[in-house]
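Quick one: the structure is below, and I'll ask about it shortly.
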Amino acid sequence: MSTSTLDVSALEPSVAAVTKAGMQQHASPRILAIANQKGGVGKTTTAVNLATALAAIKKRVLLIDLDPQGNASTGLGLSPQDRKKGSYDTIIGKMHIADVIVHSSIPCLDVVPASIGLSAAELELVDMPRRELRLREALQYQNLPYDLIMIDCPPALGLLTLNAMAAADGVLVPLQCEFYAMEGLSFLVKTVERVRKIFNAALSVQGIVLTMYDVRNNLCRMVASDVRDHFGAIVYDTVIPRNVRISEAPSYGKPVILYDTKCAGSKAYISLAREVLRREKKLQVQSRNI
Ligand code: ADP
Ligand code: MG
């Protein structure tokens with residue numbers, strides 16, 4: 001595991017702004033599923049970097065790696081030893097979630113790694129009772145000491161993603177600005193609606209974040225504008241730019257915020273963290289008024 005620790009002071013004025021936007025302590029953690037059935041749209045990158053930006057301001061964050069590819073676990077520098085047990089063992093009911101949590105090298109950020117076996121989970125779950133609710137029940141079973149739990153989903157709307165959505169309060173959708181983006185997005189939104197009706201009445205789309213945005217690319221600009229026209233305020237103001245430092249960081253087992261604190265990608269994820277917290281705060285106020 002990497003031994004580098006997060007230099008929070010290097011993040012200053014942005015961190016101060018995030019803290020100001022801040023989220024109040026929850027009795028139980030808020031749960032966000034990072035989902036999009038398309039691969040390569042920035043789910044894992046968003047999960048890892050958003051989790052890091054939140055941990056940098058002392059929010060206690062648990063990142064659950066629910067993708068058999070285990071990219072979030074790799075991107076956070078977890079060793080094969082760290083990954084011997086993890087989300088698979090929890091979801092099939094072999095181990096309690098508290099027993100599969102490992103600390104990352106970042107203070108305040110813990111991880112449930114994607115353990116060997118997760119790739120078989122989709123098939124194994126088919127015959128299990130309450131197959132869509134296994135992660136939700138695992139998370140409810142124990143009072144976990146976090147402010148936020150984030151779930152990095154695989155690129156499919158199969159049973160693993162359904163488990164994440166059934167367990168979550170909100171879905172955060174990374175969207176790459178390309179031609180087929182909207183098509184996939186309406187299907188994803190319909191899936192969220194179905195999950196809300198059948199398994200989880202509290203579920204909503206927390207937001208859509210445009211990723212790998214290239215301002216010089218006409219199609220990219222057009223798709224971004226279409227998405228904003230169609231989905232309105234649900235799209236975060238923050239846009240994650242296409243940034244080479246973001247793509248380099250995982251090969252060093254580090255989030256970009258540690259790899260190059262001042263690059264455009266890091267700044268964008270810090271800004272996204274600020275928006276996510278603001279929305280969480282608003283949702284909390286709304287739920288108190290119900
Ligand atoms: P997903 O989890 O949706 O499959 P990833 O987060 O793994 O997508 O991203 C896919 C690839 O794109 C990775 O190689 C990642 O490093 C790269 N990538 C993600 N976001 C950006 C970005 N903003 N700029 C440049 N490369 C990016
Ligand atoms: Mg991924």
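In listed order, ligands and their atoms are each counted from 1.
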Using a 6.0 Å distance limit plus a 45 degree cone around the ring axis, check whether R278 lies over the aromatic ring of Y236.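 So R278 doesn't make the cation-pi contact.
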Determine whether the side chain, the backbone, both or neither of P241 has a heavy atom under 4.0 Å from any heavy atom of ligand 1.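 Backbone only.
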Out of all atoms in ligand 1, which are within 4.0 Å of some heavy atom of V41? Include the element for each.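 Taking each heavy atom of V41 in turn, ligand 1 has 1 (P), 3 (O), 8 (O) under 4.0 Å.
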Is there a path of hydrophobic side-chain contacts, each under 4.5 Å between heavy atoms of I/L/V/M/F/W/Y residues, joining I208 to M222?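 Shared cluster, no.
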Suppose the cut-off is 2.8 Å; which protein N/O/S atoms would you list for the Mg ion (ligand 2)?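 Atoms qualifying: T44 OG1.
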Shortest protein contact, atom 24 (N) of ligand 1 (heavy atom only):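 Result for atom 24 (N) of ligand 1: N243 N, 2.9 Å.
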Strictly less than 4.0 Å: does any protein heavy-atom distance to atom 26 (N) of ligand 1 fall in that range?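 When distances to the protein are checked, atom 26 (N) of ligand 1 has a heavy atom within 4.0 Å.
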Is the closest protein non-hydrogen atom to atom 11 (C) of ligand 1 under 4.0 Å?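 Looking at atom 11 (C) of ligand 1, one finds that no protein heavy atom lies closer than 4.0 Å.
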So I64 and I97, side chain to side chain contact (heavy atoms under 4.5 Å, CB included) or not? Walk me through it. CA-CA 10 Å; I64 300 178; I97 191 148; 4.1 Å; yes
Quick one: which of G42, P154, P155 has a heavy atom closest to atom 8 (O) of ligand 1?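 Among G42, P154, P155, the closest heavy atom to atom 8 (O) of ligand 1 comes from G42.
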Could you tell me if T74 and N71 have a donor-acceptor pair between their side chains, going purely by distance under 3.5 Å?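 N71 vs T74: no donor-acceptor pair found between side chains.
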Would you check, one step at a time, whether the test side chain to side chain donor-acceptor pair (under 3.5 Å) holds for N49 with T52? CA-CA 5 Å; N49 289 296; T52 306; 5.0 Å; no
Pick whichever of Q37, Q176, Q69, M212 has a heavy atom sitting closest to atom 21 (C) of ligand 1.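 Closest candidate by heavy-atom distance is M212.
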To the nearest 0.5 Å, what is the distance between SG on C108 and OH on Y146?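 Answer rounded to 0.5 Å: 10.0 Å.
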Can you find an N or O of D152 that's nearer than 3.5 Å to an N or O of ligand 1?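 N/O-N/O distance below 3.5 Å does not exist for this pair.
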Close N or O approach (G40, ligand 1; < 3.5 Å):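 Looking only at distances, the answer is yes, because the N/O contact criterion of under 3.5 Å is met.
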Nearest non-hydrogen atom to atom 16 (O) of ligand 1 belongs to which of A47, A72, G265, S247?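 The residue whose heavy atom sits nearest atom 16 (O) of ligand 1 is S247.
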Rounded to the nearest 0.5 Å, how far does CG of L63 lie from CG of L66?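 Interatomic distance, L66 CG to L63 CG, rounded to 0.5 Å: 10.5 Å.
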Checking side-chain contact (heavy atoms from CB on, under 4.5 Å) between L159 and each of L125, I91, L135, L123, which is the one that passes?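 Going through the options one by one, the only one that passes is L125.
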For ligand 1, does I240 get within less than 4.0 Å through its side chain, its backbone, both, or neither, judged by non-hydrogen atoms?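 The answer is the side chain of I240.
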Which residue pairs pass the ring pair (Phe, Tyr, Trp, His ring centres under 6.0 Å) test with at least one member in residues 256-275, sequence neighbours excluded?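 Every pair satisfying ring pair (Phe, Tyr, Trp, His ring centres under 6.0 Å) with a residue in residues 256-275: Y252-Y259.
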If you measure every N or O of K43 against every N or O of ligand 1, does any of those distances drop under 3.5 Å?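 Yes; at least one N/O pair falls below 3.5 Å.
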Atom 6 (O) of ligand 1 - nearest protein heavy atom and its distance: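 Of every protein heavy atom, T45 OG1, 2.5 Å lies nearest to atom 6 (O) of ligand 1.
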Please say whether more than 12 non-hydrogen atoms of neighbouring residues, nucleotides or ligands are located less than 6.0 Å from CZ in R221.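 Enclosed.
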Closest protein heavy atom to atom 7 (O) of ligand 1, given as residue, atom name and distance to 0.1 Å: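 Heavy-atom neighbour on the protein nearest atom 7 (O) of ligand 1: T44 CB, 4.0 Å.
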Got a donor-acceptor contact below 3.5 angstrom from the T238 side chain to the A268 backbone?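 Looks like no, no N/O pair under 3.5 Å.
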Side-chain contact test, heavy atoms from C-beta onward, threshold under 4.5 Å: evaluate it for S186 versus V189 and give yes or no.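 S186 does not reach V189 side chain to side chain.
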Taking only Lys NZ, Arg NE, NH1 and NH2, and the carboxylate oxygens of Asp or Glu, determine whether E280 and K59 approach each other closer than 4.0 Å.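 Salt bridge absent between E280 and K59.
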My question is simple, although I want it checked carefully: is atom 19 (C) of ligand 1 less than 4.0 angstrom from any protein heavy atom?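 Protein heavy atom within 4.0 Å of atom 19 (C) of ligand 1: present.
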